[in-house]
Amino acid sequence: MKTKERLAIPPVHMKEQDPRERIKNQKEVPLGYTSEQARREASRCLQCRKAPCVSGCPVGIDIPGFIEKIEKGDFQAAILKLKEKNVLPAICGRVCPQEEQCQLPCTVGKSRKSVEESVAIGKLERFAADWERQNGNVILPDIPPKTGKRAAVIGSGPAGLTVAGDLIKLGHGVTIFEALHKPGGVLTYGIPEFRLPKEIVNSEVEYLKKLGVEIKYNYIIGKIKSLVELLSEYDSVFIGTGAGLPSFLRIEGENLLGVYSANEYLTRANLMRAFDQDISDTPILRGNRVAIVGGGNVAMDAARTALRLGAEKSIIAYRRSEKEMPARNEEIEHAKEEGVEFHLLVNPIRILGNDDGWVTGMEMIRMQLGEPDSSGRRRPVPIKDSEFQFNVDVVIVAIGNSPNPLIPRETPGLKVNNWGGIIVDETTGATSIPGVYAGGDIVLGAATVILAMGEGRRAAQAMHEYMSKN
Ligand SMILES: Cc1cc2nc3c(=O)[nH]c(=O)nc-3n(C[C@H](O)[C@H](O)[C@H](O)COP(=O)(O)OP(=O)(O)OC[C@H]3O[C@@H](n4cnc5c(N)ncnc54)[C@H](O)[C@@H]3O)c2cc1C
């Protein structure tokens with residue numbers, strides 16, 4: 001096909017569950033491509049020689065390579081190509097912000113003057129991974145003979161899983177130590193089922209186990225065993241413990257009953273399955289009128305979860321305008337379609353409660369945007385005498401997370417910066433302790449799945465070199 005013909009093919013949209021139906025269930029919202037749809041979407045790719053999309057991918061997937069295989073209908077070859085660089089393609093295809101990464105520089109999107117019309121790289125990645133899982137055709141890569149070296153990985157989020165996958169494929173022994181009873185980190189306890197079914201996370205973890213990765217659950221490093229002890233038993237250690245420490249508003253009323261951090265709320269709903277009363281007795285306040293403070297993916301997830309748990313109203317309260325919202329556009333659109341109310345340029349100043357200590361409302365103030373702050377976004381400034389009240393019975397605080405402090409606090413000599421992130425060498429992920437590497441949210445602060453994986457990939461390479469020499 002000629003370039004002109006390819007450019008004339010309209011984007012193939014993925015079908016989605018009807019918003020009125022989907023707020024009554026936990027099933028995934030986008031329904032996936034059929035083989036024909038995937039091949040048609042793949043035929044929009046121009047196979048650019050310079051492949052600007054690859055430079056936008058933090059793990060360097062050969063994007064034109066896997067898309068070409070899909071276009072030809074060789075889905076097995078497509079997934080093998082993807083897995084050369086990405087051990088979690090079904091996950092990345094669903095939750096990566098492709099519109100800011102691989103799809104942003106896509107030549108097709110540029111020539112159609114809209115990133116929305118770029119080749120749907122993420123959706124094609126998801127298609128190939130789902131095809132493999134649904135066909136049960138998982139082909140394991142050849143693994144070199146055992147090197148005799150053993151690495152310990154702390155945390156089974158995307159950073160830790162990537163390190164484990166890369167090191168096992170290089171012939172090293174790998175044991176993951178995970179604090180929770182399930183693997184996946186935020187993929188399991190944070191991101192809801194309707195965005196990322198847990199069956200998918202589990203099957204990607206199963207793949208790693210088939211390669212020989214061992215996982216020890218309910219194992220908190222820093223309590224059960226120290227990092228120093230771990231280092232005496234293993235040849236190298238990776239810290240991928242994430243940013244699970246929620247930030248709070250620090251306003252009056254925040255200790256009332258009915259105030260959650262988004263982390264706690266989503267952990268109860270997702271990891272502890274509070275949405276499924278048939279199998280779980282995890283308590284959660286369902287609320288009639290739920291307010292979520294924040295404007296990121298975490299806030300959108302909490303707002304949409306509240307609707308699915310039966311709230312009549314789910315309100316996003318964000319102190320800037322929609323343009324500054326850090327959430328992905330797709331998540332904002334999905335939340336709006338489902339009936340989440342957006343209240344922009346507002347900020348809570350006090351949470352109100354009754355004599356029994358339960359939340360009854362929030363006192364808010366209207367904001368306007370001033371000069372840009374250190375993040376480059378315009379600073380929200382309160383408007384004098386603009387206070388008003390929201391009548392709500394549950395408040396969820398989703399204003400950010402910081403690195404988990406346990407290991408840095410318990411490990412002498414492990415250097416951290418002023419916000420608690422572990423300091424690493426940017427090219428290797430090496431920490432201040434020889435043989436110990438770190439990556440993902442514990443280094444970057446709350447970031448993204450693919451950035452955590454990119455950091456994992458870089459650290460795994462450095463750990464391999466370190467273990468080969470020592
Ligand atoms: C609700 C929510 C929605 C999100 N949505 C998106 C999205 O759509 N797209 C996107 O790209 N990113 C999203 N993110 C961000 C993304 O999930 C994170 O950037 C990513 O998971 C970070 O990976 P990680 O491996 O560094 O840490 P985590 O995923 O946090 O995993 C860390 C793991 O370490 C374990 N651990 C912690 N301390 C210890 C210890 N002492 N011993 C043993 N184990 C320990 C934890 O239990 C956890 O399993 C979202 C985040 C949240 C909270």
Side-chain angles (χ1 to χ4, degrees), residues 58 88 91-101 122 152-164 175-192 195-196 201 205 215-227 230 237-246 261-267 269-271 292 294 296-305 326-332 334 396 398 400-411 421-422 429 438-456 459:
L88 309 172
I91 293 167
C92 290
R94 285 170 165 84
V95 303
C96 278
Q98 291 101 8
E99 64 284 356
E100 293 167 14
Q101 294 176 335
V153 172
I154 314 174
S156 66
L161 293 176
T162 302
V163 171
T175 305
I176 299 180
F177 294 86
E178 169 54 54
L180 298 173
H181 59 289
K182 286 190 182 163
V186 171
L187 306 173
T188 298
Y189 77 75
I191 303 182
R195 262 205 319 125
L196 180 61
V201 181
V205 172
I215 309 187
K216 289 186 192 286
Y217 295 108
N218 302 308
Y219 212 118
I220 306 181
I221 298 300
K223 289 278 178 208
I224 298 178
K225 198 170 265 192
S226 70
L227 185 130
L230 214 54
V237 177
F238 176 78
I239 311 173
T241 46
L245 185 69
S261 70
N263 251 27
E264 178 186 347
Y265 183 76
L266 290 169
T267 301
N270 300 324
L271 182 74
I292 295 91
N297 285 326
V298 183
M300 298 306 135
D301 283 343
R304 298 173 69 198
T305 297
R328 292 182 70 190
N329 282 347
E330 188 176 296
E331 303 315 324
I332 296 173
H334 280 155
I396 301 171
N401 287 303
S402 317
N404 280 324
L406 180 64
I407 292 181
R409 208 173 49 208
E410 299 289 319
T411 313
I422 296 180
D441 281 5
I442 187 75
V443 169
L444 300 170
T448 62
V449 170
I450 196 74
L451 287 177
M453 292 178 66
E455 295 239 308

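Start at 1 and go down the list; that is how both ligands and their atoms are numbered.
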At under 4.0 Å between heavy atoms, is it the side chain or the backbone of Ile154 that contacts ligand 1, or both, or neither?
side chain

Here the atoms of ligand 1 under 4.0 Å from any heavy atom belonging to Gly440 are 26 (O)

With a 4.0 Å heavy-atom cut-off (strictly under), which part of Ala447 contacts ligand 1: side chain, backbone, both or neither?
backbone

Is it the side chain (CB and beyond), the backbone, both or neither of Asn404 that lies under 4.0 Å from ligand 1, heavy atoms counted?
side chain

Out of all atoms in ligand 1, which are within 4.0 Å of some heavy atom of Gly185? Include the element for each.
29 (O), 31 (O), 48 (C), 49 (O)

Closest non-hydrogen protein atom to atom 12 (N) of ligand 1, residue and atom name please, with distance?
Val449 N, 3.5 Å

Region of Leu187 engaging ligand 1 - heavy atom pairs below 4.0 Å
neither

Is there a polar contact, in the sense of an N or O pair closer than 3.5 Å, between Arg328 and ligand 1?
no

When you measure from the side chain of Arg195 to the backbone of Arg94, do you find a donor-acceptor pair of N or O atoms at a distance under 3.5 Å?
no

Under 3.5 Å, side chain of Asp301 to main-chain N/O of Ile191, donor-acceptor pair present?
no

Looking at Asn218, Ile407, Val186, the heavy atom closest to atom 50 (C) of ligand 1 belongs to Val186

Under 3.5 Å, N or O to N or O, is Ile221 touching ligand 1 that way?
yes

For Phe177, counting its heavy atoms only, list the atoms of ligand 1 lying under 4.0 Å from any of them.
43 (C), 44 (N)

Taking only heavy atoms of Asn297, which atoms of ligand 1 are found under 4.0 Å from at least one of them?
5 (N), 6 (C), 7 (C), 8 (O)

So, regarding Ala159 and ligand 1 (criterion: nitrogen or oxygen to nitrogen or oxygen, under 3.5 Å), is there a contact or not?
yes

If you measure every N/O of Arg195 against every N/O of ligand 1, is any gap under 3.5 Å?
yes

Please list, in number order, the atoms of ligand 1 under 4.0 Å from a heavy atom of Tyr219.
42 (N), 43 (C)

Heavy-atom closest pair (Ile220 atom, Ala179 atom, distance to 0.1 Å) is CG1-CB, 3.8 Å

Looking only at heavy atoms, what is the nearest atom pair of Ala398 and Ala262, with distance?
CB-CB, 3.7 Å

Option whose closest heavy atom lies nearest to atom 33 (C) of ligand 1, chosen from Gly240, Gly244, Ala262, Pro405:
Gly240

By number and element, which atoms of ligand 1 are closer than 4.0 Å to a non-hydrogen atom of Leu180?
47 (O)

Looking only at protein heavy atoms, identify the closest one to atom 47 (O) of ligand 1 and say how far it is in Å.
Glu178 OE2, 2.6 Å

Mark yes or no for whether Glu178, through its side chain, and Ser156, through its backbone, hold a donor-acceptor pair below 3.5 Å.
yes

Residue portion contacting ligand 1 (non-hydrogen atoms closer than 4.0 Å) for Leu451:
neither

May I ask you to check whether Pro158 has an N/O atom sitting below 3.5 Å from an N/O atom of ligand 1?
yes

At a 4.0 Å threshold, what atoms of ligand 1 neighbour a non-hydrogen atom of Asp301?
1 (C), 2 (C), 3 (C)

Regarding ligand 1, does Val298 bring an N or O atom to under 3.5 Å of one of the ligand's N or O atoms?
no

Check for a donor-acceptor pair, side chain of Asn263 on one end and backbone N or O of Pro246 on the other, with a separation under 3.5 Å.
no

Identify the closest protein heavy atom to atom 37 (C) of ligand 1: which residue and atom is it, and at what distance?
Thr241 O, 3.3 Å

